[in-house]
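Quantities reported herein were computed from a predicted structural model and do not represent experimental measurements.
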Amino acid sequence: MRVSTYVSGAVRQFSYWFAHGTLDYPLLEGIKYTGEILQEESSFAEQAYAIFMNNLELDEDGSVLNYKYCEHRAAQYIRNYFDSDYKVEPPFDFWETELYAVSKDSYQK
């Protein structure tokens with residue numbers, strides 16, 4: 001089984017905007033979350049990707065139903081990480097921030 005082309009496209013688009021510093025404009029306008037800070041504090045990026053992926057909803061054909069919502073939730077995390085005065089609404093549920101392991105067999109292939 002492979003992820004759908006729509007999931008692949010959603011992750012590609014999210015990655016592109018993340019790398020260019022234009023994620024969920026204007027929420028992150030003025031927040032410098034790319035470049036050197038990314039090398040020094042990469043755990044925030046790991047958490048943002050987890051939030052994006054954990055919120056992703058698909059229909060029976062594998063089409064992504066809520067891309068912008070997922071992007072926004074990840075951006076809210078980034079904004080709060082760099083701006084402690086920013087309050088995430090609604091607050092994150094525990095399942096949104098879970099970090100899941102890669103299957104042990106995946107490193108063997």
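Under the 4.5 Å side-chain criterion, counting only non-hydrogen atoms from C-beta, Val64 is not in contact with Glu57.
Between the OG atom of Ser4 and the CZ atom of Arg2 there is a distance of 12.5 Å, given to the nearest 0.5 Å. Ile31 contributes atom CD1, which lies 10.0 Å from atom CG of Asn80 (distance to the nearest 0.5 angstrom). Taking CE of Met53 as the reference point, atom CG of Leu99 lies at 13.0 Å (rounded to 0.5 Å). In this structure, CG in Leu23 is found 10.0 Å from CD in Gln13, a value given to the nearest 0.5 Å. A distance of 4.5 Å separates OH in Tyr81 from OG in Ser43, rounded to the nearest 0.5 Å.
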What donor-acceptor contacts under 3.5 angstrom involve side-chain atoms of residues 82-89, with partners at least two apart or in another chain?
| unit_1 | atom_1 | unit_2 | atom_2 | d |
| --- | --- | --- | --- | --- |
| Asp83 | OD1 | Asp85 | N | 3.1 |
| Asp83 | OD2 | Arg79 | NE | 3.1 |
| Asp83 | OD2 | Arg79 | NH2 | 3.3 |
| Tyr86 | OH | Gln76 | NE2 | 3.4 |
| Lys87 | NZ | Ser84 | O | 3.4 |

Next item on the list: Applying side-chain hydrogen bond (donor to acceptor under 3.5 Å, both in side chains), run through Thr22 and Tyr16 and close with a yes or a no.
Entry: CA-CA 9 Å; Thr22 55; Tyr16 179 83; over 6 Å; no
Next item on the list: Check step by step if side chain to side chain contact (heavy atoms under 4.5 Å, CB included) holds for Lys68 and His72.
Entry: CA-CA 6 Å; Lys68 288 304 287 180; His72 181 69; over 6 Å; no
Next item on the list: Kindly determine whether Phe44 and Tyr77 satisfy side chain to side chain contact (heavy atoms under 4.5 Å, CB included), including the steps that lead there.
Entry: CA-CA 8 Å; Phe44 84 88; Tyr77 174 79; 4.1 Å; yes
Note to self: Show, in sequence, the C-alpha distance, side-chain angles and deciding distance for Phe18 and Tyr33, and conclude whether the ring pair (Phe, Tyr, Trp, His ring centres under 6.0 Å) test is met.
What the structure shows: CA-CA 8 Å; Phe18 185 101; Tyr33 61 93; 5.3 Å; yes
Margin query: For a side chain to side chain contact (heavy atoms under 4.5 Å, CB included) check, start with the C-alpha distance between Trp17 and His20, then their side-chain angles and the critical distance, and finish with the verdict.
Written below: CA-CA 5 Å; Trp17 285 338; His20 284 272; 5.6 Å; no
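For CD of Glu40, the number of neighbouring non-hydrogen atoms (other residues, nucleotides, ligands) closer than 6.0 Å is greater than 12.
The two residues Leu28 and Ala75 make their nearest non-hydrogen contact at CD2-O, 3.4 Å. Scanning all heavy atoms of the two residues, the minimum distance from Leu56 to Val7 falls at CD2-CG1, 4.2 Å.
Phe14 has its ring centre no less than 6.0 Å from the ring centre of Tyr67.
Remark: the Glu98 side chain and the Asn54 side chain contain no N/O donor-acceptor pair separated by less than 3.5 Å.
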